[in-house]
Engineer: 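One structure, as structure tokens, below. Some questions next.
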Amino acid sequence: MSDPIFDRIQPEPFKIKTVTPIRMMSKEERQEHIRSVHYNVFKLHSDKVFIDLLTDSGTSAMSDAQWGAIMTGDEAYASATSWFRLEETLKEIFDYKYFLPAHQGRGAEKTLFMAMIKPGQTIPNNMHFSPDRITASGGLMANLIIDEGKKLQSDCPFKGDVDVEKLDALISEVGRDNVPFVMVTVTCNNAGGQPVSMENIRAVRAVADKYDLPVILDAARIAENAYFIKELEPGYADKGIVEIIREMTALSDGCVMSAKKDGLVNIGGFVGINDDTLYEHMQSYTLMWEGYMTYGGMAGRDIEALAVGLREVVDENYLAYRIGQVRYLGKCMQDEGVPITTPVGGHGVWIDSQQFCPHIAPEHYPGIAVTTALYEEGGIRACELGNLAFSKRNEETGEVISFPEVDLVRLAIPRRVYTSRHMEYIAAVAGEVYRNREKLIGFKVKRYATIKYRTLFLGEMMPITED
Ligand code: F0G
């Protein structure tokens, strides 16, 4: 704050003690490897990836304090001291009465959804990260992000906000008994890691109160969201990150958190909840599906690492570096002319595939052309989150019914893993691919993974020039 050179350069606030060597293969090897996995980057062997931007989930580098804490893990089956240590940390940072562990975010969701969703009920959210998990729980999902959040380029600082008028209209239309709770995802992953303002969470709370409904946060990236609030929302500049997280959580009744993001760990998650009866119910679901209520699918050592990681993630110096690094990649990409969504969000940079390859028809997956080219050109693994990942398909045939509103490729940045030199390399590779974009060709689906359209993860693609 007080040191202009430090603020301008934003050097990584850590020294590197352990490294994992990464090796660049030849272009021919890369071309052969991606062809052999049928252009599905999830199947690329990770030792053949130079820079891995598939996800920021579970890919963080842990600190020496976390590795040290791992040795103190108490592996008792029940009532292990590690859990009580984590619980104490959770109570300090999040304003909830009870906490239940889970093996990762989706385990926490299962616990909460089983206890709260009745078949046919609608769950509003700014954007659900995984609509499938809502539908698998018998629910219907409604994405109610503000219109500004759907624009690829915008000046809006809080593009993740919920449209509260639409929320009110939806609840009154379907009836409050058909809505188990209102969800808010902070930051909004599917909209580009975009933050939600405190003002908006307060407005969501007011609508929920009008109908006497609970508010549940998807808190996977809550520390990054809190940093944006501190930086961009009037009245928060002098507040601490923990203070802001406590205010966000106090406006809600519970949360699910994948600790693989802002927990700075490789595995873990939890539920936070205030209601005594719900807590009772959830305990039995945790016990049934995740494990006893004091480990919930995590080893004692994972729990210790998480307790330390949560204290580290709320450090403002860390968050300034984290958000600064992602923004730096965005700036380098813009300097190269690459079309990205703006403002740059919390955990990655999103490429607009259709602007990148206007000559490739939407049904020929421009995003797959981009992910293929990034790997072939520079050994970079990015993730298509667009026409392949989010299209609605006929469950029998796999035929596309409709494409999503935006067609994006995500470059997610793992926490504390890559340096600013890596960011420059990524942007240089993307710039080179962009300058030669007219050479990129479209793709078609060679094999659907299952009738349940999981082609992004398991299916196979082929260039449209091959039959
Ligand atoms: N909620 C959000 C907002 C997420 O981004 C994720 C995972 C989850 C819940 C589920 O957590 O993976 O621990 O079960 N997102 C990852 C990603 C997979 O790549 O964005 P999980």
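Just follow the structure's listing: the first ligand is 1, and inside any ligand the first atom is 1. Computed from a predicted structure; not experimentally measured. Counting from 1, the numbers follow the sequence of the chain as shown.
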Engineer: When you look for heavy atoms under 4.0 Å from ligand 1, do you find them on the side chain of Thr185, its backbone, both, or neither?
Structural biologist: side chain
Engineer: Does Asp407 offer a backbone N or O that forms a donor-acceptor pair with the side chain of Asn387 under 3.5 Å?
Structural biologist: no
Engineer: Does even one non-hydrogen atom of Met257 get within less than 4.0 Å of ligand 1?
Structural biologist: no
Engineer: Arg133 heavy atoms, cut-off 4.0 Å: which ligand 1 atoms fall inside?
Structural biologist: 8 (C), 10 (C)
Engineer: Using a 4.0 Å cutoff against the non-hydrogen atoms of Arg410, which atoms of ligand 1 qualify?
Structural biologist: 17 (C), 19 (O), 20 (O)
Engineer: Looking only at protein heavy atoms, which one is nearest to atom 13 (O) of ligand 1, and what is the separation?
Structural biologist: Ser258 OG, 2.7 Å
Engineer: Counting non-hydrogen protein atoms only, what is the nearest one to atom 1 (N) of ligand 1? Give residue, atom name and distance.
Structural biologist: Asp218 OD2, 2.7 Å
Engineer: Suppose we call two aromatic rings close when their centres sit under 6.0 Å apart. Are Phe270 and Phe94 close by that rule?
Structural biologist: yes
Engineer: Which residue holds the protein heavy atom closest to atom 9 (C) of ligand 1, what is that atom called, and what is the gap in Å?
Structural biologist: Glu109 OE2, 3.3 Å
Engineer: Record the part of His347 in heavy-atom contact with ligand 1 below 4.0 Å; permitted values are side chain, backbone, both and neither.
Structural biologist: neither
Engineer: Taking 4.0 angstrom as the limit, do Glu231 and Arg327 come out as a salt bridge?
Structural biologist: yes
Engineer: Considering residues, nucleotides and ligands other than Asp155, do more than 12 of their heavy atoms fall under 6.0 Å from its CG?
Structural biologist: no
Engineer: Would you say the side-chain atoms of Thr419 and Arg421 include a donor-acceptor pair closer than 3.5 Å?
Structural biologist: no
Engineer: May I ask you to decide if His103's main-chain N or O and Glu290's side chain share a donor-acceptor pair within less than 3.5 Å?
Structural biologist: yes
Engineer: Using a plain distance cutoff, I'd like to know if Asp56 has any nitrogen or oxygen under 3.5 Å from a nitrogen or oxygen of ligand 1.
Structural biologist: no
Engineer: Mark yes or no for whether Asp262, through its side chain, and Ala223, through its backbone, hold a donor-acceptor pair below 3.5 Å.
Structural biologist: yes
Engineer: Starting from atom 18 (C) of ligand 1, locate the nearest protein heavy atom and write down its residue, its atom name and how far away it is, to 0.1 Å.
Structural biologist: Phe129 CZ, 3.9 Å
Engineer: Please determine if Arg246 and Glu243 form a salt bridge, counting it only when a charged side-chain N lies under 4.0 Å from a carboxylate O.
Structural biologist: no
Engineer: For ligand 1, is any non-hydrogen atom under 4.0 Å from Arg106's backbone (N, CA, C, O), its side chain (CB onward), both, or neither?
Structural biologist: both
Engineer: Only heavy atoms of Gly105, strictly under 4.0 Å: list the atoms of ligand 1 that pass.
Structural biologist: 11 (O), 13 (O), 14 (O), 21 (P)
Engineer: Starting from atom 21 (P) of ligand 1, locate the nearest protein heavy atom and write down its residue, its atom name and how far away it is, to 0.1 Å.
Structural biologist: Gln104 NE2, 3.3 Å
Engineer: Answer side chain, backbone, both or neither: which part of His128 comes under 4.0 Å from ligand 1, heavy atoms only.
Structural biologist: neither
Engineer: May I ask you to identify the nearest protein heavy atom to atom 15 (N) of ligand 1, giving residue, atom name and distance to one decimal place in Å?
Structural biologist: Lys261 NZ, 3.0 Å
Engineer: When the aromatic ring centroids of Phe228 and Phe158 are compared, is their separation below 6.0 Å?
Structural biologist: no
Engineer: Do the charged groups of Lys151 and Glu148 touch, with an N to O distance under 4.0 Å?
Structural biologist: yes
Engineer: What atoms of ligand 1 come within less than 4.0 Å of a heavy atom belonging to Lys260?
Structural biologist: 13 (O)
Engineer: Asn189 to ligand 1: N or O pair under 3.5 Å?
Structural biologist: yes
Engineer: Which of the numbered atoms in ligand 1 are below 4.0 angstrom from a heavy atom of Thr55?
Structural biologist: 17 (C), 19 (O)
Engineer: So, Lys261 and Glu224, do they make that salt bridge, N to O below 4.0 Å?
Structural biologist: no
